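Report on one structure; see the data block that follows.
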Amino acid sequence: MRTITLIVICLLSIVSISVFCSGCKRKKTTQTSVNPPAQTQKNIDYLKTETKEQFDERMDWWRQGRFGMFIHWGLYAIPEGQWKDRTTHGEWILTTGQIPVAEYEKFAPQFNPTEFDAAQWVKMAKDAGMKYIVITSKHHDGFCLYDSKATDYDVIDATPFKRDILMELTEECNKQGIYMCFYYSIMDWHHPDYLPRRNWEDRPEDGADFQKYIEYMTAQVTELVTKYNPHILWFDGEWEKTWSHDEGVKLYNHIRNLKPDIIINNRIDTGRGGMGGIHDSRKYAGDYGTPEQEIPATGMKGYDWETCMTMNRHWGWNKNDKSFKSSEDLIRKLTDIASKGGNYLLNIGPKPDGTFPTESIDRLADIGRWMKVNGESIYGTNASVFEKLSWGRSTTKDNTIYLHIFDWPTDNKLTVPGLITEAAEVYPLSNPDKKLAVQYTDGGATIQLPTASPDPINTVIAMKFKQKPEIVKTPQLTGKDKFYPDCNVEINCGSDTVAIHYTTDGTEPTSSSPKYTAPINLADTTTIKCRAFINSVPVTPTATKKYTRLTVKEPVTGLNLIGGLKYDIYHGKWEKVPDYRTLTPAKSGIATNIDTSVKDIPELLSIIFTGYITVDKDGLYEFSLDSDDGSNLYIGDELIVDNDGMHAPVMKSGSAALKAGTHPIRIEFVQGEGGIMLDAYFTPPGENSQKVPPKILFHQP
Ligand code: FHN
């Protein structure tokens, strides 16, 4: 009898370890979520109330830091990228390997990274010159690298390791002066209430309640913030249709009310705009843009942004992936990003034993050696003041310009185009005592470099000025390229001390052409060419811009109008707006707003809105469509906004010249699979951009 009892007890204990009920922790609580922290929960809408000064103060340490370590670590490290006969998996292996959740859970008892050493990890980040660490607290697989009260699918309850990895890292970061930050995935392939399911898996959707999942996620985010006090919450996995802009805003404010100075990336909301990292036309929640595996060609003017990037091809550990970027490539990418005003979040995928890949360790050490000498040319810098430098990049800080030389000039003479202010001193950061000679000519400077490059990867030269240096740039012409009835054009080249000469007949400007002294008024279609001169010597390329005066559209009269636009919905799968004249609508009616609220199915449809718009004054109207997927806007038969095709949320605009009165309008929308969104904005003459209000939309009965 005794033996049988013992066997039964052992069996029961094995069963209880291998089957995880997310949302409850057998040993500690029967609740599906933690109690909210016992504190007065304020309810401030930070998106509406935070001032620019407050925002700048909150972002300052991050802007100073410029460089961080990303860490993707979890159960997905156990298979090391291999599942059955495929060896190219990474952190997505549950999905890319189509591993049933119950099967995937078996990795948990194998997770025992005995070599994990928080002090060593943090020191490697610090020695590499990194100022913050963002680690996956929970990736898409739902497994938590910390002691969560909301689930037993975590490192304490589900693995033999039983140590709170995030707490050990947090304590070590606090000790070594590194900002500890957490990645958290909204998408959760493990939690029974998360939707949608993977289309290949066998777990039923019946009974799943996404609102319950939101409560679970909110509880986890709350415990992460209140127990570990992270400096950033780095959200991800926001792109599936069950997550919404409204939920993103709500969660953003919830977190800010818990910890007002925390920074939150833009993937908490739905404004990421794909891998480009930011949807720059509408205020979404989130403090900075998150381009991934790419560096925006000209940065993101007016936005904070951070490029996250792998060292090889995988975020999570893959033992077969040896395609690590070189240290030179990584240092130059860091420089390129900083020269465009961004941060660099460089990823490590630790091994199952808790060590970093050797290749990563070597690159961190190389980067650290470069940063030790040149870090001041990265930390707290702003984007380059130059348009393009053939030999490298530039960063700026206060009255210092840093020149990052990738390609050493064969004659050892470095041309700095457009610089017309003399520097007080010029020297290599690797040898500040070695002052360099500079020659200043019209519209530029030439630095006499040493005969050999001190650092072939990137030698940094500092140019220190007594006052803000003046840089002459190719003249910029203001104003939209379409106008009505007239427009004023301003020209700027970054300096008030040089002459800009221009023409309006399409000919090349010379020093004898009219000098720009005040805005140029245009009443007809005109091409302006302009160029900067010093002592009659041209010092910039010529800038050209054509301004087109639109033909004004006369209103239609004699109509019997009723409020609202007619709409027709067509079902089908298209890559662009279909030719709906050949189709039969599945549903028709009258719409008050131009949006997708009339939809009768969630995806694979097209909606056509037709009717009239009534405007109260003559002038130029800019229309914009913000949509996921495609959309077009016509006034009469003219296509004004072309935002067609399958894409993440993106806004496109166009202009029309309208006389006061009523004009025919048509909006076409097409939706593939996934996220769905349509908003229409317009900017009447002399007003700000605003949603097209229902009161100016009509149809004929
Ligand atoms: O799906 C994730 C991916 O696994 C990884 O975490 C990257 C890192 O930014 N984010 C998502 C893909 O955009």
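Indexing begins at 1, ligand by ligand and atom by atom, following the structure's order. Note that the structure is predicted; figures quoted are calculated from it, not measured.
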| request: Provide, to 0.1 Å, the distance between atom 7 (C) of ligand 1 and the closest protein heavy atom, together with that atom's residue and name. | output: E292 OE2, 3.5 Å
| query | Got the closest protein heavy atom to atom 11 (C) of ligand 1, with its distance? | reply | D236 OD2, 2.9 Å
| request: State plainly whether the residues R58 and E50 are in salt-bridge range, i.e. N to O under 4.0 Å. | output: yes
| Step by step, would you call I262 with H231 a side chain to side chain contact (heavy atoms under 4.5 Å, CB included)? | CA-CA 5 Å; I262 196 168; H231 298 277; 5.9 Å; no
| said: Tell me whether ligand 1 is touched by H72 - counting only heavy atoms on the residue side and a distance under 4.0 Å. | reply: yes
| message | Would W234 count as a polar contact of ligand 1, with the cut-off being nitrogen or oxygen pairs under 3.5 Å? | response | no
| remark: The atoms of ligand 1 lying under 4.0 Å from a heavy atom of W92, numbered in the order shown, are 1 (O), 2 (C), 3 (C), 4 (O)
| Under 4.0 Å between a Lys/Arg side-chain N and an Asp/Glu carboxylate O for E215 and K212? | no
| message | Starting from atom 3 (C) of ligand 1, what is the nearest protein heavy atom, named by residue and atom, and what distance separates them? | response | E91 OE2, 3.4 Å
| request: Please determine if D329 and K333 form a salt bridge, counting it only when a charged side-chain N lies under 4.0 Å from a carboxylate O. | output: yes
| remark: C308 heavy atoms within 4.0 Å reach ligand 1 at atoms 9 (O)
| Checking D321 side chain against H314 main chain: does a donor-acceptor pair fall under 3.5 Å? | yes
| query | Which of the atoms in ligand 1, numbered in the order shown and given with their element, are less than 4.0 Å from a heavy-atom of Y183? | reply | 6 (O)
| Which bit of W239 is near ligand 1, meaning a heavy atom under 4.0 Å away: side chain, backbone, both or neither? | side chain
| request: Please say which of N343, N266, D236, N265 ends up in a side-chain hydrogen bond (donor to acceptor under 3.5 Å, both in side chains) with T290. | output: N266
| message | If we only consider heavy atoms of R267, is any one of them less than 4.0 Å away from an atom in ligand 1? | response | yes
| Is a salt bridge present between D56 and K52, judged by a nitrogen-to-oxygen distance below 4.0 Å? | yes
| message | Starting from atom 2 (C) of ligand 1, what is the nearest protein heavy atom, named by residue and atom, and what distance separates them? | response | H140 NE2, 3.2 Å
| query | Just wondering, do N382 and R63 contact through their side chains at under 4.5 Å, heavy atoms? | reply | no
| said: Within ligand 1, which atoms have a heavy atom of H139 less than 4.0 Å away? | reply: 3 (C), 4 (O), 5 (C), 6 (O)
